[in-house]
Structures are given as structure tokens and as C-alpha cells.
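We count ligands from 1, going down the list as the structure has it; atoms in each ligand are counted the same way. It should be emphasised that the depicted structure is a prediction, and the values quoted were computed from it without experimental measurement. For reference, positions follow the sequence shown, starting with 1.
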Amino acid sequence: MSTRAPGLRVTGLETEFGVLCAPVGPPEETKADLPDVERAAALIFRHRPVGYRSTNLFLPNGGRLYLDIGAHPEYATAECVRVRDLVAQDQAGRAILADMARRAAARLAQEGIAARFHLLANNTDSAGHTYGCHESYSVPRSLLDVTDDATRASSETTMAVLTSFLATRPALVGSGRPLAGGQTESKQGGRGAGEDAAWGLSPRAPHLQALTSADTTGQRALVNTRDEPHADASRLRRLHVTCADTTMAEPTTGLRSAVTLLLLDALEAGWDFTDLTLVDPLATLSALGESPWGDVPATTVQGRSLSAVDIQEAFLERLTFYLDDAGVPDFLRGAEHLLTDLAPRVISALRHHDAGGIDTEIDWAIKRRLMRAQRERHPRLSGQALETLRSRVDLAYHDLNAETGLVPRLVAQGAMANLCDPEEIERARQTPPATRAALRGAFVAACLEVGADFSVSWESLRLDSPPTAPVDLLDPLQTTHEAAESLTGRVLGLRPEEMHRIDLVGRGGLGAPG
Ligand code: ATP
Ligand code: MG
Ligand code: MG
């Protein structure tokens, strides 16, 4: 094993949200006028932050808000280095969208329609559609290169390790799912009786059909291999992971990224995980989707009959050795406990079939506790009525609406833990993380301030009227860039000697003019 220091990398999170518009008060009074899902999403985007003409926009915090055709608003965080920043940016995006939905509802109320908008950070709707939560990780091209036979073979080995890790990861950080069929006895593998029979670890699992795919919508895969690095393509690739459950508890979201980032570091440093490669990761993942405790078969290519929990535990053990060896990486600053303390407790909970020690931090455990509480509150409910109740709890758990969503109440009661301070999230609504997102964010904020037309992508900045040549930002880690900063200065009408007033990298955005 080599202990070569791995490269710094950026990571981002994309979340697609479900939308619902429901009447407030007696349904018969408002139902006829209620917007359908597509109109509801369009109405929410009509209340986007001021200064934008389209529904595809980059924000001063460096993130992106997007409404594609259809009705799933999406927020993509800016590129972050630290897990804590990533979680703050993710939460900030949710808060921005929730505000837009609140303003949209207020507008409808002025028209005499009493309605509530629900943005759902879940993965499936009642019609069986699925929508995603994507993670992006920058990696050196050499890690996943496929240009010749030698690089192809080593990349395939790396990808086999990654997909085996990802297929078993919901045991650790799944969002949990009530299963149809209720609290009946079941003999299916991994499903026990009573409460256990009605519970699975991952709602996204049943929708994944391939390990890798270049086509995200046609064939849903664990990893999307479309080669779109959003950076210098000669040096970098983007590992685009498309199988996660959308999670609500910040420690769950943080742990998911932390453990994945650490695995990438260890792989880059040459650590070997090939003995944990599975024969059929998709079969294991599919079983995990219906398993309450993750003890589903996971056979390795070397012929060992393990379980999904065994595989995750083995990854974690080796990563702990790696951490001891390499030292705590910058990306774990302020979040190290997720790996050293929370992750082992999740494994222990799965082993002992007792989630009591993690049920304020891990989504599947928190949601499961809520289901049980409802069950105890309504002991006589059964059949369809019980299933409806469970679906309602599930929806409310993922609902971003401050009045109907459960998260604010759970946090206030101490029943859901945070990772970030509320101030960190508030700041992340305006302030980009310390990556090239800081250059983008300052440029966007400047353009909005003076009303300039601009076009921005993940790797370029441009003024539209009069048009300027795009400034390319090919290194996602760079926080200074003369051409980008001078373009921002030009927007603000600053002279070169005043450029220091553009205050980048999370130190409060743009300096006040004057
Ligand atoms: P799709 O929405 O079809 O999946 P996409 O993933 O390319 O497409 P976006 O929704 O714009 O597009 O999201 C891009 C994500 O990649 C963001 O979360 C962003 O933070 C992240 N990202 C940007 N640049 C890089 C990079 N160089 N390496 C890794 N991740 C990056
Ligand atoms: Mg996207
Ligand atoms: Mg994506």
C-alpha cells in the first residue's frame, strides 16, 4: 500500500424536488382553481430571486437553480471542498426554494386561492416516478481513464470497487422507506416479521437498473459515465454518482459525502479494496431496498458470502486505517466525528437490530422511529388506513414547507441533529464556498447589483451586452483568477487599484461600494 497524499478535490450535490400544491381549508372551495404540478413548479420559479430572466440561473452563492421541462425544480450546490460547506450549501438551496414556494403561495392567496406548496426532498412520487440526488466528485483523469487497454483495465477495477461500495452504502445513509404490504409476516430474504417486514432502507434502490450508464434518463445507473468534467478535461474527470437517496438529516448527508470522499482519497493513494468487489452489486442493492437491517447477501468476486453490512463495515475499517495513516484531510474539518463516531454507531445499530443510538442522526432510523410512534398512537389502524398514514408521515418527513414539514419540529425537539449551525446555512445562501465558486459568485452578485446581462456556466463567465469573450475557469479549486476578477471589477466600474474591494472566498461577498 502506498501512502502517497491524494489530490484535493471538489464535490457538489444536485437535488431534484417533487412538487405538490394542496388546498388550505375545505378542499371543495379551492380545488377547481388549484394549479396542477407543472403550473405549480412554474409559479414557484416565477418567484425566483430578483434580477433573473430565465428559470436556469446561477446564484451569488455559486449554486444553480433550474427548472427543466416537467415539474422537478433542481438545485445544484456550488463546488465545495469541505463536507460541512457542502451540507450548508445544500441546506441553503432548500431554504431558497422554500422561500420561493412561500412567495408563490402568498401570490395565489392574493388571487383568492388558499393553497400550500410542498417541495418534497424525496425520490419518488405516488405515480412511481423517480427523481434524483446526484453527487459529483472531481477525480484525476488517471483514476477513471479509458483511453487504452492498460488504463481501461485499472479504471474498470476502480469502478467495480466504487459500484460495490455505492450499492451497499444505503445501509449507512439510506433515507428509509415504508413498504407496501404493511405489518404482515414475510418470509422474503432480509425481511422479518411485524415492523421489520414493513420497512426497507432505500427508496431509490428499486429504481436503479445498471451499474454505469452514459444515459441518465434511459437507464438509471449508480454512476453516470457521460464524460462531462466541468473542468480541464485533459486533467480531470467528474465522478457523477446518481444513486443516492435524498436525505433530510444533515449528519446523514454529511456522512454520505465524507465516506465517499475518503474512499476516493484512499483509491487515489493506491489502497486496495478489490477483495470487497461484489459479483452482483445491483442484486444486493435491490435487496437492501427491502431490508430493514441490511443483512442481505453480498457475494464477493472472490467467493466470500458476506452481507451488505459486512461490506460497509469492511470499507469503513480500511478507511479508518487509511485515515490513521494519511492524517485528517481538509475536507473533514469540522465533520470528522461523522466518520470516527457516527459511522461505527450505524454499523452497530444494524448489527444489533436497534436504531436507538442513531435515531436523531440517520434518516432511515429517524423516519423509522416516527413510523413507530404513529403506529403506537393509532394501535387499531390496519390495512389501507395504516398504509395511508405511513405514506403521510413519509411525505411530511421530506416536505420543505415550514408549516407541514416535520424537520423544523424534530430539530426543535432535539429529535433531529444538525451538522451546521443555522448561521452557517444562512451565510451559505449568499456566500460561495472557497473554490472557483467564489469567483463565479462575486461575478453573479456584481451583475445582479448593476443589472448587467451575463451568462455563466460551471466553468466560464461572460458578459452579454456588450458581449465579452468568456473567461474560462478550468480549475475548480482556484479561488483567484486575474481575468475573472477584473471582469467583475469592470461590471462594478472599479479601477484596477480598487480591485481589492472584491472580497472573495466566503469573507462576506462583495465589499460595500463607496
Ligand atoms: P444533470 O443535471 O443532467 O445531471 P450535470 O450533473 O452536469 O447534469 P448540474 O445539474 O449543473 O449538471 O450539476 C453539476 C454539479 O457538478 C454541481 O453540483 C456542481 O457543484 C458539480 N461540479 C461542478 N464542477 C465540478 C467539477 N469540476 N468536478 C466535480 N463536480 C463539479
Ligand atoms: Mg443536474
Ligand atoms: Mg447531475
Side-chain angles (χ1 to χ4, degrees), residues 7-17 54-59 61-70 72-83 85-94 96-97 121 123 130-141 143-144 162 204 212-244 246 253 256-257 260-261 264-265 268 331 428 432-441 444 455-461 472-479 481:
L8 269 175
R9 76 184 83 254
V10 293
T11 178
L13 262 187
E14 296 156 67
T15 311
E16 289 177 312
F17 298 87
S54 87
T55 55
N56 173 9
L57 46 110
F58 277 89
L59 296 163
N61 71 1
R64 180 186 182 203
L65 268 178
Y66 186 50
L67 182 63
D68 209 342
I69 330 152
H72 292 293
E74 176 174 328
Y75 175 74
T77 71
E79 318 84 324
C80 303
V81 170
R82 292 194 187 153
V83 167
D85 285 341
L86 181 72
V87 173
Q89 292 288 331
D90 184 49
Q91 292 292 328
R94 294 179 183 203
I96 290 167
L97 267 168
N123 294 95
T130 183
Y131 30 96
C133 169
H134 297 180
E135 304 146 73
S136 290
Y137 302 90
S138 63
V139 296
R141 187 150 281 271
L143 192 73
L144 295 172
L162 283 171
R204 178 75 166 165
T212 61
S213 164
D215 167 15
T216 34
T217 42
Q219 201 183 28
R220 273 184 214 93
L222 306 195
V223 174
N224 173 7
T225 51
R226 195 177 61 202
D227 190 0
E228 214 167 27
H230 297 320
D232 176 1
S234 67
R235 202 167 57 79
L236 294 170
R237 274 200 75 133
R238 177 172 60 125
L239 173 69
H240 194 192
V241 175
T242 51
C243 57
T246 308
T253 306
R256 181 180 62 214
S257 295
T260 310
L261 284 162
L264 289 171
D265 270 20
E268 252 191 68
F331 71 75
T435 58
R436 76 177 163 195
L439 298 161
R440 180 187 312 123
V444 168
S455 303
V456 159
S457 73
W458 293 108
E459 69 257 58
S460 75
L461 315 174
D472 292 329
L473 301 171
L474 294 181
D475 176 1
L477 286 165
Q478 72 191 132
T479 54
H481 189 283

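- Using a 4.0 Å cut-off between heavy atoms, His230 contacts ligand 1 through both its backbone and its side chain.
- Of the listed options Cys80, Ser138, Pro229, Ala76, Pro229 places a heavy atom closest to atom 27 (N) of ligand 1.
- With ligand atoms numbered from 1 in the order given, ligand 1 contributes 27 (N) to contacts under 4.0 Å with heavy atoms of Ala231.
- At a threshold of 4.0 Å, the pair Asp232-Arg141 does not count as salt-bridged, since none of the basic side-chain nitrogens sits closer than that to a carboxylate oxygen.
- With respect to Arg9 and Asp265, a salt bridge is recorded, a charged nitrogen being found less than 4.0 Å from a carboxylate O.
- Salt-bridge check for Arg440 with Glu79: passed, with a basic side-chain N closer than 4.0 Å to an acidic carboxylate O.
- Using modelled atom types, no side-chain atom of Thr435 and backbone atom of Cys80 make a donor-acceptor pair closer than 3.5 Å.
- Inspection of the environment of the Mg ion (ligand 2) yields the following protein N, O or S atoms under 2.8 Å: Glu14 OE1, Glu74 OE2.
- With 3.5 Å as the limit, one finds a donor-acceptor pair spanning the side chains of Ser457 and Ser460.
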Inset, instruction - Show the numbers, then the answer: is there a side chain to side chain donor-acceptor pair (under 3.5 Å) between Asn123 and Thr246? - result: CA-CA 6 Å; Asn123 294 95; Thr246 308; 3.2 Å; yes

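- Taking a cut-off of under 4.0 Å to the non-hydrogen atoms of Arg436, the atoms of ligand 1 that pass are 23 (C), 24 (N), 25 (C), 27 (N).
- Contacts between Glu16 and ligand 1 below 4.0 angstrom, taking non-hydrogen atoms only, are absent altogether.
- Contact analysis leaves Gln89 out of contact with ligand 1, as no non-hydrogen atom separation drops below 4.0 angstrom.
- By the 30° and 60° cut-offs, the orientation of the rings of Trp458 relative to His230 is tilted.
- Distances from ligand 1 to the non-hydrogen atoms of Glu74 include at least one value under 4.0 Å.
- Within ligand 1, counting atoms from 1 as listed, the ones closer than 4.0 Å to a heavy atom of Glu228 are 7 (O).
- Within the 4.0 Å heavy-atom criterion, neither part of Asn224 lies near ligand 1.
- In this structure, Glu135 has no heavy atom closer than 4.0 Å to ligand 1.
- Checking side-chain atoms of Arg436 against main-chain N and O of Thr479 turns up no donor-acceptor pair under 3.5 Å.
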